[in-house]
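Everything below concerns the one structure shown next.
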Amino acid sequence: MSELSAESIKSGLKTDLIGQSIVYYSSLGSTNELLKELAAQGAPEGTLVIADEQTAGKGRLGRKWLAPPGTSLLLSLLFRPDLTPNQAQRLTMICSLAIADAIEGLTGLSVGLKWPNDVFIGGRKAGGILTESGTTGEHLDYVVVGMGLNVNLAISNLPELRGLATSLSQELDREVSRLELLWKILEGIETRYKSLRREESPHEEWAARLINLARQVQVTTLHRVLAGWAEGVDADGALILRLPGGQRKWILAGDVTLRSSAPS
Ligand code: BT5
């Protein structure tokens, strides 16, 4: 199993912004929580916080992210983009696309993304992204993108995820170097972040990777459950849902369940 440390990560990383400042912990509460604190103290763009274990790994809405020590990539990256708060999802898009490319390039596995923040392999969740922003009024101070990826993980050790989750090692029947995967992910994110800074929108490429578009879906938001046809996503990552009556809804956050693949 590849050993993670600030030194080992630096030794093969070919970037000039992403991961130039590295904070590594063998065990930490949550990489997102620490990086938000560092961001508030002025940490530079591109700062990477990475851990071998999280004792309070977070998903969205107070959910937990589970990862036995040393099995996963658990990292957060700091961005200080020139965007508005409602454009922060663009960072989720570029990170998830870079993750998909890196896995495919390194392993040959086929990777799909599930709106709004999941990495899927073979119909199961292999990773998740948690994007959190710091704002002052309408100004976006920073964006922290947290990424959890099941690399060398036997899902049978996490009974609550059985049937729902997978890992690279489970799909390939062999272990994968977390370091090599990390380098590829960070390099891919840097390339995509540079395009984003040139105002090239990642949303069409992201939409093309989403496994839950052009389907009948059920979307659970904080306030309600809506069923409809997942028509597309807009540049800011909102899901465009066509309701049975033909009306369109733009949904910023929620969970999607696939219903059937037949058009309405
Ligand atoms: C996510 O939330 O999928 C975002 C996960 C982000 C985790 C990273 S790890 C580094 C950084 N630091 C943090 O503290 N967090 C980020 P959500 O869509 O809410 O999904 C959470 C749900 O995924 C849980 O309720 C479980 O059902 C499931 N889950 C938990 N651990 C999983 C795992 N290892 N693999 C697949 N599914 C998992």
Side-chain angles (χ1 to χ4, degrees), residues 4 19 22-39 47-79 88-89 91-93 95-96 98-100 103 111-133 142-171 178 181-182 185-186 189 210-212 219-222 237 239 251-258:
L4 295 183
I22 301 175
V23 180
Y24 165 80
Y25 278 83
S26 54
S27 182
L28 174 67
S30 153
T31 58
N32 265 39
E33 286 305 309
L34 176 62
L35 190 49
K36 282 193 290 176
E37 281 170 30
L38 297 178
T47 298
L48 166 69
V49 175
I50 182 159
D52 262 314
E53 178 188 26
Q54 294 183 120
T55 53
K58 304 191 306 176
R60 292 172 301 148
L61 304 169
R63 296 175 195 143
K64 289 194 169 69
W65 188 256
L66 306 171
T71 62
S72 303
L73 281 177
L74 305 166
L75 62 131
S76 301
L77 282 175
L78 178 61
F79 297 92
Q89 178 75 0
L91 280 313
T92 316
M93 296 182 201
C95 291
S96 57
I99 289 174
I103 296 173
V111 181
L113 303 175
K114 181 164 174 263
W115 186 91
N117 68 322
D118 290 341
V119 177
F120 260 60
I121 300 176
R124 294 189 172 153
K125 183 160 169 170
I129 298 185
L130 176 64
T131 300
E132 299 185 276
S133 305
Y142 65 80
V143 180
V144 164
V145 182
M147 292 161 257
L149 201 54
N150 303 333
V151 185
N152 298 317
L153 169 53
I155 300 298
S156 54
N157 292 335
L158 297 172
E160 56 272 67
L161 297 180
R162 217 172 284 159
L164 301 172
T166 190
S167 69
L168 303 192
S169 61
Q170 188 151 311
E171 295 295 322
R178 287 185 300 158
L181 183 60
L182 176 67
I185 290 172
L186 297 180
I189 290 173
L210 290 175
I211 59 174
N212 45 359
V219 186
T220 307
T221 71
L222 272 185
L239 178 68
I251 299 171
L252 293 170
D255 287 297
V256 171
T257 317
L258 302 180

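Sequential numbering from 1 along the given sequence is applied to the chain's residues. Counting starts at 1 for both ligands and their atoms, following the listed order. Below, each value reflects all heavy atoms present in this structure, side chains not excepted, and no hydrogens, waters or symmetry copies.
Close approach to Thr31 involves these atoms of ligand 1, each under 4.0 Å from a residue heavy atom: 10 (C), 11 (C), 12 (N). Ligand 1 places these atoms under 4.0 Å from at least one heavy atom of Gly57: 14 (O). Distances below 4.0 Å separate heavy atoms of Ala165 from the following atoms of ligand 1: 35 (N), 36 (C). Less than 4.0 angstrom separates some heavy atom of Ile129 from each of these atoms of ligand 1: 4 (C).
Contact annotation: for Leu164 versus ligand 1, there are no heavy atoms closer than 4.0 Å. Counting heavy atoms under 4.0 Å from ligand 1, residue Asp255 does not touch it at all. Under 4.0 angstrom from ligand 1, the non-hydrogen atoms of Arg63 all belong to its side chain. When non-hydrogen atoms are compared, ligand 1 lies under 4.0 Å from neither the backbone nor the side chain of Glu33. Contact annotation: for Gln54 versus ligand 1, heavy atoms closer than 4.0 Å belong to the side chain alone. With a heavy-atom cut-off of 4.0 Å, Asn150 touches ligand 1 through its side chain alone.
Under the 4.5 Å side-chain criterion, counting only non-hydrogen atoms from C-beta, Ile50 is not in contact with Leu74. In this structure, the side chains of Thr131 and Val143 come closer than 4.5 Å at one or more pairs of heavy atoms. The shortest distance between side-chain heavy atoms of Leu61 and Leu222 falls below 4.5 Å. Contact annotation: the side chain of Leu130 never approaches that of Val145 to less than 4.5 Å [non-hydrogen atoms, C-beta and beyond]. Residues Ile99 and Leu181 fail the side-chain proximity criterion, which asks for heavy atoms closer than 4.5 Å.
Between Lys58 and Glu132 a salt bridge is recorded (basic side-chain N to carboxylate O distance below 4.0 Å). Salt-bridge check for Asp255 with Lys114: failed, with every basic side-chain N at 4.0 Å or more from each acidic carboxylate O. Note on Arg178 versus Asp52: salt bridge recorded, some NZ/NE/NH1/NH2 to OD/OE distance being below 4.0 Å.
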- Message: side-chain contact (heavy atoms from CB on, under 4.5 Å) for Thr55 and Leu28? Distances and angles first, verdict last.
- Response: CA-CA 6 Å; Thr55 53; Leu28 174 67; over 6 Å; no
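Of all protein heavy atoms, the one lying nearest to atom 38 (C) of ligand 1 is Trp65 CZ3, 3.4 Å. Among all protein heavy atoms, the one lying closest to atom 31 (N) of ligand 1 is Leu66 N, 3.0 Å. If you check which protein heavy atom lies closest to atom 1 (C) of ligand 1, you get Asn117 ND2, 3.4 Å.
In terms of heavy atoms, Thr166 sits closest to Asn150 at O-ND2, 2.9 Å.
The closest approach between Ala67 and ligand 1 stays at or above 4.0 Å for every heavy atom of the residue.
Under a 3.5 Å cut-off, the side chain of Ser76 and the backbone N or O of Val49 do not form any donor-acceptor pair.
Residue Lys58 holds the heavy atom nearest to atom 15 (N) of ligand 1 of all those in Arg124, Glu160, Lys114, Lys58. Closest heavy-atom approach to atom 20 (O) of ligand 1 within the set Lys64, Arg60, Glu132, Lys125: this belongs to Lys125. Of the listed options Leu161, Val49, Thr71, Leu161 places a heavy atom closest to atom 32 (C) of ligand 1.
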